[in-house]
Structures are given as C-alpha cells and as structure tokens.
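Have a look at the structure below before the remarks.
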Amino acid sequence: MAVIRVDNSRWYETVAAVPVCVLPWNADEFAAKWQLTLDEFEEPGLGWVRTAVLQLGHCICLAEAHLQGPDQAQRVSISVAGTSPDTRLDLFEILRAMELSEADLPWVRPLLGPARWLLYRLDDNGNEFLIERYQQPEAAETIRAQYEAKGHKQLYFVRSDR
C-alpha cells in the first residue's frame, strides 16, 4: 500500500470532519517518511498548521498537524469526511496503507463504526428515501436544515438507525 497525496479538491466534505486517529509522527517525520509535501498556513488562534489531502487505500483523508502547542498537537492527525459510511473501515484502510497496527497509534477515536444518523426525505405520497448517512447528529441536522431552506414541499427528517 501507499500514502498518496491528492489534489485538495478531493477533500469535498460538506460537514465537519471526523477525527479518526493520531499518527506516531510529527509533521516533519510524516512528510519525510512518505516523501510528501505538506501545505502550511496560519490558522487564527491556533498558530501554524501543516496539512495534506491523502488517499489511503480507498479512503480520502485530511492529514493535519499543529506546529505549536503540546507534543500531541504536533503529531499528524487523520480525519475523514462527516459523511463517511463507516469510520471503523476507514481506520482499517488507514492502518493498511501505512502498514501500522492500532497499537502503534497514540490516539484512536472511541466508538468508531457505521454512520448512525440518517437523513431522509418524505415525498407527497408518503414514501421515505434515504439521502445520506452521517457520523454526527449535528451534521445531519445541518444538512436537513439546508434542504428545508430551499423551500421544497417534501419533509426532511433525521433518524438514528439504532
């Protein structure tokens, strides 16, 4: 497997990113190990940040390290889009691409797994249609509100699958 830098436009998430894990490397170690260049910018209130959009197996991820602050903040964190169908499968792809085990990671998000917040549309005939799954209820509610703001006659609602 490989760690592949992809164009930033591949990071198309429409809602908040979901942090999945922290890697055992800081930004410089990570860039050297995988022969990548990272973008660097100053984020107001947080200082300098280095980022890259990566393809790890079939998973498009955001790698991010904050250059100032405690050691843990300087390590590279990996996030996936809030529309990820299953963050546990994403973690498997990340680990496989980087030839790591979960034990190698300093932090892994608790409760990884299938997205449990479902956004539905109810049409005029009473038919329900699943639009998308979300990892966080806030993300699903945000998108529901955006659909409703467009003025469609259909009803949009969020439901947990558990």
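- For the side-chain contact (heavy atoms from CB on, under 4.5 Å) test, residues two or more places apart in sequence or in another chain that qualify with Asp161 are Arg116, Leu118, Arg133.
- Hydrophobic clustering (ILVMFWY, side-chain heavy atoms < 4.5 Å, transitive): Leu95 and Trp25 are in one cluster.
- For Phe157, the ring pair (Phe, Tyr, Trp, His ring centres under 6.0 Å) partners two or more places apart in sequence, or in a different chain, are Tyr120.
- Side-chain contact between Val49 and Glu42: absent, with no pair of heavy atoms (C-beta onward) separated by less than 4.5 Å.
- In the hydrophobic clustering of ILVMFWY residues, with side-chain heavy atoms under 4.5 Å counting as a link, Phe30 and Val108 come out together.
- Residues Thr83 and Tyr134 come closest through the heavy atom pair CG2-CE2, 3.5 Å.
- Across all non-hydrogen atoms, the minimal contact from Cys59 to Val80 is SG-CG1, 3.7 Å.
- Salt bridge present: Arg88 and Glu102 bring a charged side-chain N and a carboxylate O closer than 4.0 Å.
- If you take CD1 on Ile60 and CZ on Arg10, they are separated by 3.5 Å, rounding to the nearest 0.5 Å.
- Here CZ of Arg121 is found 14.0 Å from CD of Glu132. Values are rounded to the nearest 0.5 Å.
- Tested against Trp34 for a side-chain contact (heavy atoms from CB on, under 4.5 Å), the candidates Val3, Val76, Ile4, Leu54 yield a single pass: Val3.
- Under the 3.5 Å distance criterion, the side-chain polar atoms of Asn125 are left unmatched by any main-chain donor or acceptor of Asn127.
- Considering Ser84, Cys61, Cys21, Ser79 in turn, Ser84 is the only one that fulfils the side-chain contact (heavy atoms from CB on, under 4.5 Å) rule with Asp90.
- Screening Leu100, Ile78, Val20 against Leu105 for a side-chain contact (heavy atoms from CB on, under 4.5 Å) leaves a single residue, Leu100.
- Classification of Lys33 and Glu29 as a salt-bridged pair fails, no side-chain N sitting under 4.0 Å from a carboxylate O.
- With sequence neighbours excluded, the residues that form a side-chain contact (heavy atoms from CB on, under 4.5 Å) with Asn8 are Arg5, Asp39, Val53.
- In this structure, Leu119 and Ala140 approach most closely via the heavy-atom pair CD1-O, 4.4 Å.
- Taking each heavy atom of Gln154 and Leu122 in turn, the nearest pair found is CB-O, 3.3 Å.
- Annotation: side-chain hydrogen bond (donor to acceptor under 3.5 Å, both in side chains) contacts involving residues 60-77, sequence neighbours excluded, comprise Asp71-Arg75, Gln72-Arg75.
- No single ILVMFWY cluster, assembled from side-chain heavy atoms under 4.5 Å apart, contains both Tyr147 and Leu130.
- Two different hydrophobic clusters hold Trp107 and Ile94 under the rule that ILVMFWY side chains link at heavy-atom gaps under 4.5 Å.
- Pro137 pairs by the side-chain contact (heavy atoms from CB on, under 4.5 Å) definition with Trp117, not counting sequence neighbours.
- Under the 4.5 Å side-chain heavy-atom criterion for ILVMFWY residues, a single connected hydrophobic cluster contains both Leu36 and Met98.
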Self-check item: Stepwise side-chain contact (heavy atoms from CB on, under 4.5 Å) test for Thr51 and Phe41
Solution: CA-CA 9 Å; Thr51 66; Phe41 61 92; 3.8 Å; yes

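- Tyr156 is not listed as a side-chain neighbour of Ile143, based on a closest heavy-atom distance of 4.5 Å or more.
- A salt bridge links Glu128 with Arg159: the distance from a Lys NZ or Arg NE/NH1/NH2 to an Asp or Glu carboxylate oxygen falls below 4.0 Å.
- Summarising the geometry, atom CG belonging to Leu91 is positioned 12.0 Å from atom CZ belonging to Arg109; distances are rounded to the nearest 0.5 Å.
- The CD atom of Gln136 sits 9.5 Å away from atom OG1 of Thr142, with the distance rounded to the nearest 0.5 Å.
- For the pair Glu148 (side chain) and Lys150 (backbone), a donor-acceptor distance under 3.5 Å is absent.
- In this structure, the side-chain contact (heavy atoms from CB on, under 4.5 Å) partners of Leu67, at least two apart in sequence or on a different chain, are Ala27, Glu40, Trp48, Arg50.
- With rounding to the nearest 0.5 Å, the separation of CG in Asp86 from CZ in Phe92 is 8.5 Å.
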